[in-house]
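To start, the structure itself, in structure tokens.
Chain naming here is simple, since letters A, B, ... match the order of the sequence lines and numbering starts at 1 in each. This structure is a prediction, so every number in the text was calculated from the model and none was measured.
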2 protein chains.
Amino acid sequence: MNDQTVEPRRGTRSAFVTQQVRDMITSGELTPGSRINERVLVERLDISRTPLREAFKILEGEGLISIRPNAGATVVMLSTEDVEASIEVLIGLESIAAEHAARRATEAELVELADLHNQMTQAWRDNVLMTYFHLNQEIHQKIVDAAKNPALSRVYASESARIRRFRFAGNRDPERWARAVEEHARILDTLRRREGALLREMLRAHHLSGWGAARRALELQQEDEGQGAP
Amino acid sequence: MNDQTVEPRRGTRSAFVTQQVRDMITSGELTPGSRINERVLVERLDISRTPLREAFKILEGEGLISIRPNAGATVVMLSTEDVEASIEVLIGLESIAAEHAARRATEAELVELADLHNQMTQAWRDNVLMTYFHLNQEIHQKIVDAAKNPALSRVYASESARIRRFRFAGNRDPERWARAVEEHARILDTLRRREGALLREMLRAHHLSGWGAARRALELQQEDEGQGAP
DNA sequence: GAACCAATTATTGAATGCAATTGTTTATGA
DNA sequence: TCATAAACAATTGCATTCAATAATTGGTTC
């Protein structure tokens, strides 16, 4: 390995920088509401402004940043209400997916989901929150994918990515985390038994309690920030 | 027409060219599957490649075109199945919206919808398909907006735009067209009476029969094209 | 005449330079 | 001292230029 530079940077610079900035936003490195300076990012990522500005357009379409003409790009600040609205949409999309997935999921998909669930359970036992979180997201996406509706998969992936970082806080509480793992086991069991209507309700309940936990964590977090920087 | 130079072209060139190309795709001027030559569009719209390429990134995010590195942009070709999948998503999104809209719609919104409906009915009487079509789309968007969920409105608008041109063929049949107007009247009535569950079912039925008509029209159209250019 | 390969052309990707707009600072007067 | 305006600096928008990649043409050989 170690080709030319340290980073792989495969594909176009535009795609590279898009992923980089996206990660910076998701990880919280670029804080919501803050303005993004083109020059700074250009120097940091060692690319020109052209691909960066193309990335901005993409990320604006994804709803991660907001571009005002002649006034630069800012990371969108989502209120609790905004996130809750998105969650509601995600629940709705998964509801649509649930009944179709219960009917159309292939055996291979069920096996793959079982495998992902085992990995996720292991991540929970090992207390590796980030790994758990990613596997969790992947499982939900796979359930939606099992509905065999490309438009649904695309919209779900997009909306899910938009509020990803807000949901990360959901499993801070160990008790809630343990229950989430349990719920997942039952959800996959219901999918295996192909009980669509029940699956739909379980997913809804799962998301609602998950979001409830995340919201509480976020509110605490915001209070801390409010006290920390007056 | 042909007032390209006379146009105001307010806002950034990027926004301008994005709308131009979007219209070209929606109107069918740029045919699905065809490759888009940057130079040609640049000369036609009298702008440089930079804002055009930014527009490409936006339109790719909207799902209207596909960009392959070093191979240019092509208008996405959607199969009947793809469109049907999107319709299913749109129905799902409107289902989510219906119950909330029935509860949260303001009197002002109901008045505005009634006004739009009158305009639309007039367009039907005048046999102005394009005007009817736009008002129709606007009404459905307004119903979704009445649910007061910004994320839902955004996702619905995006997905609706993606397959707009495929639904245009829906009201070619005069009988179906007349029934669609009737259905709309009943739908708005149900919204006024705030019967969410019923509204949901009416919207679903409305879309399914509308899509059925559009699909038949599209299949005929495709057969004609197949015979026309062997 | 067909197939293969090299050279040329066309097209896309990215960097740079310039113009236009906005935000900031400083000077000036009330 | 505060408000206002003018000059300045910083930043963005866009056009142009250069580089890299893909497509095409022409020629040679079998």
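Checking dA15(C), dG13(D), dA15(D) against the side-chain heavy atoms of Ile47(A) singles out dA15(C) as nearest.
Across all strands, Leu52(B) comes closer than 4.0 Å to no nucleic acid atom at all (heavy-atom distances).
In terms of phosphate contacts, Arg53(B) brings a side-chain nitrogen or oxygen within less than 4.0 Å of OP1 or OP2 of dG13(C). OP1 and OP2 of dG13(C) both lie 4.0 Å or more from every side-chain N or O belonging to Arg13(A). Residue Ser48(A) places at least one side-chain N or O closer than 4.0 Å to OP1 or OP2 of dA15(C).
Take His207(B) and apply the ring pair (Phe, Tyr, Trp, His ring centres under 6.0 Å) test, not counting sequence neighbours, and it matches His140(B). With sequence neighbours excluded, the residues satisfying salt bridge (charged side-chain N to carboxylate O under 4.0 Å, His left out) with Glu159(B) are Arg154(A), Arg162(B). Legend: residues meeting salt bridge (charged side-chain N to carboxylate O under 4.0 Å, His left out) with Arg49(A), ordered by chain and number and at least two apart, are Glu38(A).
In this structure, Glu43(A) places its CD atom 10 Å from P of dT11(D), rounding to the nearest Å. Following rounding to the nearest Å, Asp46(A) (CG) and dA14(C) (P) show an atom-to-atom distance of 13 Å. If you take CD of Glu38(A) and C1' of dT21(C), they are 13 Å apart, rounded to a whole angstrom. Rounding to whole angstrom units, CZ of residue Phe56(A) and P of dC14(D) are separated by 15 Å. For the pair Lys57(A) NZ and dC14(D) P, the interatomic distance rounds to 7 Å; values are reported in whole Å. Whole-Å rounding puts the Ile58(B) CD1 to dG13(D) C1' distance at 13 Å. Taking atom CD1 of residue Ile36(B) and atom P of nucleotide dT11(C), one finds them 15 Å apart after rounding to whole Å. The distance from atom CD of Glu54(B) to atom C1' of dA15(D) is 12 Å, rounded to the nearest whole Å.
By the 4.0 Å N-to-carboxylate-O rule, Lys148(B) lies close enough to Glu109(B) to be salt-bridged with it. A salt bridge links Glu29(B) to Arg44(B): one of the charged nitrogens lies within less than 4.0 Å of a carboxylate oxygen.
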Dump every N/O contact between nucleotides 17-19 of chain C and the protein below 3.5 Å, one line per pair.
none

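Both Thr50(A) and Arg35(A) sit near DNA chain C, but only Thr50(A) has its closest nucleotide nearer the 5' end.
Every pair tested for side-chain hydrogen bond (donor to acceptor under 3.5 Å, both in side chains) that includes a residue from residues 67-76 of chain B fails, sequence neighbours excluded, so the list is empty.
Here the straight-line distance linking atom NE2 of His117(A) with atom CG of Asn136(A) works out to 10.5 Å at 0.5 Å rounding.
Within the 4.5 Å cutoff, the side chain of Trp211(A) has heavy atoms near those of the Val83(A) side chain.
Looking at residues 63-77 of chain A, you'll see Pro69(A), Asn70(A), Gly72(A) sit with a heavy atom under 4.0 Å from some atom of DNA chain D.
Remark: the backbone N or O of Glu112(A) is not paired with any side-chain donor or acceptor of Asp115(A) at under 3.5 angstrom.
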